[in-house]
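These notes concern the structure reproduced below.
Because only heavy atoms are used, hydrogens play no part in the values below, and waters and symmetry mates are left out as well, while side chains stay in. Throughout, a chain's letter reflects where its sequence line sits, starting with A, and its residues are numbered from 1.
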2 protein chains.
Amino acid sequence: MALGSKPRRPKSVTITEVARAARVSIATVSRVLTNSPGVGEETRQRVRVVIEELGYHPNLTARSLVSQSTRTIAVISMQTLGQLQTQPALGQLFRGIEDVLAHEGYRCTVLSRDEFKQNVAGLRLVKGSGVDGVLLNGAKVNDPFAFELASYGFPFVTIGRAIGLVNTHYVDIDNLSGAYEAVRALIGAGHRRIAHVCGSQQTNLGIERLEGYRRALIEAGLEYNERLVIEAGMTRREAYRAVGEFLRSTEKRLWPTGVFVFNDFFAVPVMRALLDSGIRIPNDMSVIGFDDDDASEYLNPPLASVRAPIYQLGAEATRMLLPLVRGEEVARPQVLLPTEVVLRASVGPPASG
Amino acid sequence: MALGSKPRRPKSVTITEVARAARVSIATVSRVLTNSPGVGEETRQRVRVVIEELGYHPNLTARSLVSQSTRTIAVISMQTLGQLQTQPALGQLFRGIEDVLAHEGYRCTVLSRDEFKQNVAGLRLVKGSGVDGVLLNGAKVNDPFAFELASYGFPFVTIGRAIGLVNTHYVDIDNLSGAYEAVRALIGAGHRRIAHVCGSQQTNLGIERLEGYRRALIEAGLEYNERLVIEAGMTRREAYRAVGEFLRSTEKRLWPTGVFVFNDFFAVPVMRALLDSGIRIPNDMSVIGFDDDDASEYLNPPLASVRAPIYQLGAEATRMLLPLVRGEEVARPQVLLPTEVVLRASVGPPASG
DNA sequence: TAACATAGCGCAAACGTTTACGTTGCACTG
DNA sequence: CAGTGCAACGTAAACGTTTGCGCTATGTTA
């Protein structure tokens, strides 16, 4: 791998030039930069002035080399193309991450799936990149990369519970409780026959929300029927087809009167598929989603959902990672963020008794 | 700024240990790492074996220090909180960027708004971060930061045309043409009275799409009426209110029969506002958006839109930046990506002649 | 055979910092 | 007044690479 030719940008002013201009040693300049003691107030001011005049800014690369810390964390999304699309709140998540990082003086680099795939030993990538920690988003069940990080003792926090790993640090939405409450809401509205359009069972989101659905049914004394669980697939198109297929292959009298959808992302094509089959929402069927996407309240009809604090998700995960990076203890290594059911016009009582 | 305490991770194996194990000098090891000539085939293999055995990975920080290149580019979104939300295709954009970067062996770091704001002289931030180039997303009109980058001669490409800068490198959606064609489609369907819910006039997107709307009207011999231009604002909530306000404050006989919305993001609350006022879509009013969001075809009714290649937008911008970073010439410093009108049920003929 | 080119390799400087340690000068103690 | 302590600063090593230059051995040419 030949390194690219060096760009011929104007050379930056270095600490040496600052030192010369201020008539001190570079050690002293460094000390005022890092706010270290051992510098008289007078010289400290003089150096500061020179720094300002020369427009000096410390070279972070050099600093990292000696301090063995890049003050940078990596954000790695393990999802494939299709799955990533199912996370429209990506922007919210990133804002949460960035806000906390910026506040603590850290940066983040986004490692791409491709770069990650090329490198089977992803750990080396992380080591070579010189990042201080990793934020792992959307790890699959028994994710090999997560295992590798854990066994190496590398500081990392998963966004979403990493199923298969024990004693790992994570922060997640309380999917189980959220799904449970969503189905409870449908039951409360009078529904007895409730379907679930489920997400990928390779990820904790899909698994936990399905489980929440199941528990709510069982606890209410209702039957858990696998035939009423429809796999959404990876794209909206697949979800649309799956629901259409379900309706066509199921006798009308066996149709559910309510459906809990994995998330709002998929709820949109699900509603479309229902409407296209002549089903009225909520008259013939009630629909509730998950995530409470920003758009959901403006859909036609407005979509009931489970509010999930995505911004907090990113922020909390980052707040957990930073102590880890510094080798400090983390008070609560596992955090679940609460959810809240938001009822809207897509949910109503079932048509007949 | 005191640097954090050093993490006590197991020390990585360095080039020196590899050299010792392979019984060569570190210079030789370096040469095989960079595929430089001057190493016999036999020793080259021997070194490679040792590297593999020891699990060695070069320290990118040290490499960057001497090569004066971090092989990292910064992605900076200039938008504020509210505006960022209006870009739901952020994931698509990032994928385009990352895919190209990974292919070329680069990484990207995301600089946050906050970090940026603290540092009025944003240029220093960029210098200090040691990035090789900048991808600037959503620069405002006469953006001061873009000016600064340009005057310093720093390699950067704006995603979206940077109004106010001349001879700058950018890649953008062809907003003008896209908006023009969208309105042409409404006119083609028979509409004579067409409104526009416009985006922020602080950004080229808002300006250019408004201009496309205007030109289509003028060329068709229709009146351009500022009263029919409604400002969407920054959030969906604001857009919803603005449209409701417009309808309430306008005589019914003066209502438009078609509306071109800045983007699909805002089209959702716009449609909601119309429906809430008893307006049927498309019977009473046709609606067309922009971006062709993944969800648009599943909305109720399915939303006509202008397809915009967001993935390509990110990919092309990155493909343009990398030569710039290497000091090479860029063949086409300004690129406009074509758009395509997608008609759906939200557009139909006007009710009465 | 002498002169010379070249392939293969090592030495050491450089990249721009941080920081342990040493030195100086001065005030303060006993 | 000798001794001590400390604040203020400088010296130099270290971080892990890349790379220009020099050296040696071997092969080629005149």
Side-chain angles (χ1 to χ4, degrees), chain A residues 1-9 11-47 51 54 56-71 124 127-130 132, chain B residues 1-9 11-47 51 54 56-71 124 127-130 132:
Chain A
M1 153 200 13
L3 298 182
S5 63
K6 305 173 190 174
R8 57 204 61 66
R9 231 165 296 148
K11 282 194 51 162
S12 304
V13 21
T14 75
I15 200 175
T16 311
E17 308 173 33
V18 174
R20 178 158 31 223
R23 307 214 163 278
V24 294
S25 72
I26 62 169
T28 300
V29 177
S30 175
R31 275 187 272 258
V32 3
L33 284 174
T34 58
N35 280 334
S36 301
V39 180
E41 194 52 39
E42 191 183 351
T43 37
R44 197 178 286 269
Q45 286 304 332
R46 179 157 40 98
V47 170
I51 286 176
L54 268 53
Y56 166 77
H57 217 246
N59 181 318
L60 264 48
T61 304
R63 176 176 282 183
S64 293
L65 185 59
V66 51
S67 70
Q68 302 287 48
S69 156
T70 55
R71 291 191 85 79
R124 292 199 190 164
K127 288 202 290 181
S129 294
D132 293 348
Chain B
M1 151 200 12
L3 298 181
S5 64
K6 304 175 191 176
R8 59 203 60 65
R9 230 165 296 147
K11 282 194 52 162
S12 305
V13 21
T14 74
I15 200 174
T16 311
E17 309 173 35
V18 174
R20 179 157 30 224
R23 307 213 163 280
V24 292
S25 72
I26 63 168
T28 300
V29 176
S30 176
R31 276 187 271 259
V32 2
L33 284 174
T34 58
N35 280 332
S36 301
V39 180
E41 193 51 39
E42 191 182 352
T43 36
R44 195 178 288 270
Q45 285 305 333
R46 179 157 39 100
V47 170
I51 286 176
L54 267 55
Y56 166 76
H57 218 248
N59 181 317
L60 265 47
T61 304
R63 177 175 280 183
S64 292
L65 185 58
V66 49
S67 71
Q68 302 287 46
S69 156
T70 55
R71 290 191 85 79
R124 290 197 192 164
K127 289 202 290 180
S129 296
D132 293 349

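The side-chain hydrogen bond (donor to acceptor under 3.5 Å, both in side chains) check on A/Ser30 picks up nothing, with sequence neighbours excluded. For B/Ser36, the side-chain hydrogen bond (donor to acceptor under 3.5 Å, both in side chains) test picks out B/Thr34, with sequence neighbours left out. Contacts of B/Glu41 classified as side-chain hydrogen bond (donor to acceptor under 3.5 Å, both in side chains), with partners at least two apart in sequence or in another chain: B/Gln45.
For A/Ser30, a side-chain nitrogen or oxygen approaches OP1 or OP2 of C/dT18 to under 4.0 Å. Considering only side-chain N and O atoms, A/Gln68 lies under 4.0 angstrom from the phosphate OP1 or OP2 of D/dG16.
Straight-line distance from the CG atom of A/Leu65 to the P atom of D/dT17: 9 Å, rounded to whole Å. B/Leu33 places its CG atom 8 Å from the P atom of D/dT17, with the value rounded to the nearest Å. What separates CG of B/Leu60 from C1' of D/dT18 is a distance of 13 Å, to the nearest Å. Distance, A/Asn59 CG to D/dC15 P: 18 Å, rounded to whole Å. Between the CZ atom of B/Arg20 and the P atom of C/dG10 there is a distance of 14 Å, rounded to whole Å. Atom P of nucleotide D/dG16 and atom NE2 of B/His57 are separated by 16 Å, given to the nearest angstrom. One interatomic measurement links the two molecules: CD of B/Glu42 to C1' of C/dC9, which rounds to 13 Å at whole-angstrom precision.
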Close N/O contacts between protein and nucleotides 9-11 of chain D (under 3.5 Å):
| residue | atom | partner | partner atom | Å |
| --- | --- | --- | --- | --- |
| D/dC9 | OP1 | A/Thr43 | OG1 | 3.2 |
| D/dC9 | OP2 | A/Gly40 | N | 2.4 |
| D/dC9 | OP2 | A/Thr43 | OG1 | 2.7 |
| D/dG10 | OP1 | A/Ser25 | N | 3.3 |
| D/dG10 | OP2 | A/Ser25 | N | 2.8 |
| D/dG10 | OP2 | A/Ser25 | OG | 2.9 |
| D/dG10 | OP2 | A/Thr28 | OG1 | 2.6 |
| D/dG10 | N7 | A/Arg31 | NH2 | 2.9 |
| D/dG10 | O6 | A/Arg31 | NH1 | 3.3 |
| D/dG10 | O6 | A/Arg31 | NH2 | 3.2 |

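Comparing the local axis fitted to the first five base pairs of the helix from C/dT1-D/dA30 to C/dG30-D/dC1 with the one fitted to its last five gives a bend of 50°, rounded to 10°.
Side-chain atoms of B/Ser67 come within 3.5 Å of backbone atoms of B/Arg63 as a donor-acceptor pair (strictly under, hydrogens ignored).
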For residues 19-27 of chain B, please give each side-chain donor-acceptor pair under 3.5 Å, one per line with the distance, not counting sequence neighbours.
| residue | atom | partner | partner atom | Å |
| --- | --- | --- | --- | --- |
| B/Ser25 | OG | B/Ala27 | N | 3.4 |
| B/Ser25 | OG | B/Thr28 | N | 3.4 |
| B/Ser25 | OG | B/Thr28 | OG1 | 3.4 |

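The B/Pro58 side chain lies nearest to D/dT17 when the options are D/dT17, C/dT18, D/dG16. Candidate nucleotides D/dT19, C/dT17, C/dG16 were compared by shortest atom distance to the side chain of A/Ile15, and C/dT17 ranks first.
When B/Thr61, B/Leu60, B/Val66 are each tested for a side chain to side chain contact (heavy atoms under 4.5 Å, CB included) with A/Thr61, only one passes: B/Thr61.
Contact of the B/Leu33 side chain with the B/Ile15 side chain is registered, since non-hydrogen atoms from C-beta on lie closer than 4.5 Å. Looking at heavy atoms from C-beta onward, A/Asn59 lies out of side-chain contact with A/Thr14 at the 4.5 angstrom threshold.
Of all the heavy atoms in B/Leu65 and B/Gln68, the pair that sits closest is O-OE1, 3.4 Å.
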